[in-house]
Amino acid sequence: MNKILLVVAATVASIALVGCGSNDSESASTDTTTTETTTTTTTTEAEKPTEVKVVVVNGSPQGGIVRQTVNKDDQVVLVVTSDVADEIHLHGYDKAKDVAAGGTIRLPFKATIPGRFEAELESRGVQIAEITVEP
Ligand SMILES: [Cu+2]
């Protein structure tokens, strides 16, 4: 009886030691991974594109045509959430992307051309945004 208890105690002790050692190295590598992920996210946010957000309800822009002014050479993203399926078309830059009903699309572009540009629901011919690029 006593012998069994000793063996059990010794086994538990060695498992605990091994467990401790491996836990330490595991949490060290987890910390490294977390730091790397955070760094990557920060780098992405540092670019900070200007978002022009439009929500389309019943085929029309919520609150009217979204008007936004950006500076030339800004990185801009037109973000459109729509409850109808259509093609989002940004004139001048001639960028287009299909949006599904209930979907959201992101149309990134660099504002290299000064002027005033319409974005519309292409098949409906409905204007949803007006983006002014300052020279
Ligand atoms: Cu168009």
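One-based numbering, in listed order, for ligands and for the atoms of each.
Here 4 is the count of protein N, O or S atoms positioned under 2.8 Å from the Cu ion (ligand 1), waters not counted.
Residues Thr112 and Asp73 have side chains in contact (heavy-atom distance under 4.5 Å, counting atoms from C-beta outward). Using a 4.5 Å cut-off on side-chain heavy atoms (C-beta onward), Thr50 and Gln68 make contact.
The cluster map of Ile, Leu, Val, Met, Phe, Trp and Tyr, joined by side-chain heavy atoms under 4.5 Å apart, puts Leu107 and Val70 in the same cluster.
The stretch residues 109-135 participates, sequence neighbours left out, in these ring pair (Phe, Tyr, Trp, His ring centres under 6.0 Å) pairs: Tyr93-Phe109, Tyr93-Phe117.
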For residues 124-135, which side-chain N or O atoms pair as donor and acceptor with protein atoms under 3.5 Å away, sequence neighbours left out?
from, atom 1, to, atom 2, distance (Å)
Arg124, NH1, Ala85, O, 3.2
Arg124, NH1, Asp86, OD2, 2.8
Gln127, NE2, Ala129, O, 3.2
Glu130, OE1, Arg67, NH1, 3.2
Glu130, OE2, Arg67, NH1, 3.2

Name each donor-acceptor pair under 3.5 Å that joins a side chain in residues 52-65 to protein atoms two or more places apart or in another chain, with its distance.
from, atom 1, to, atom 2, distance (Å)
Lys53, NZ, Glu51, OE1, 3.4

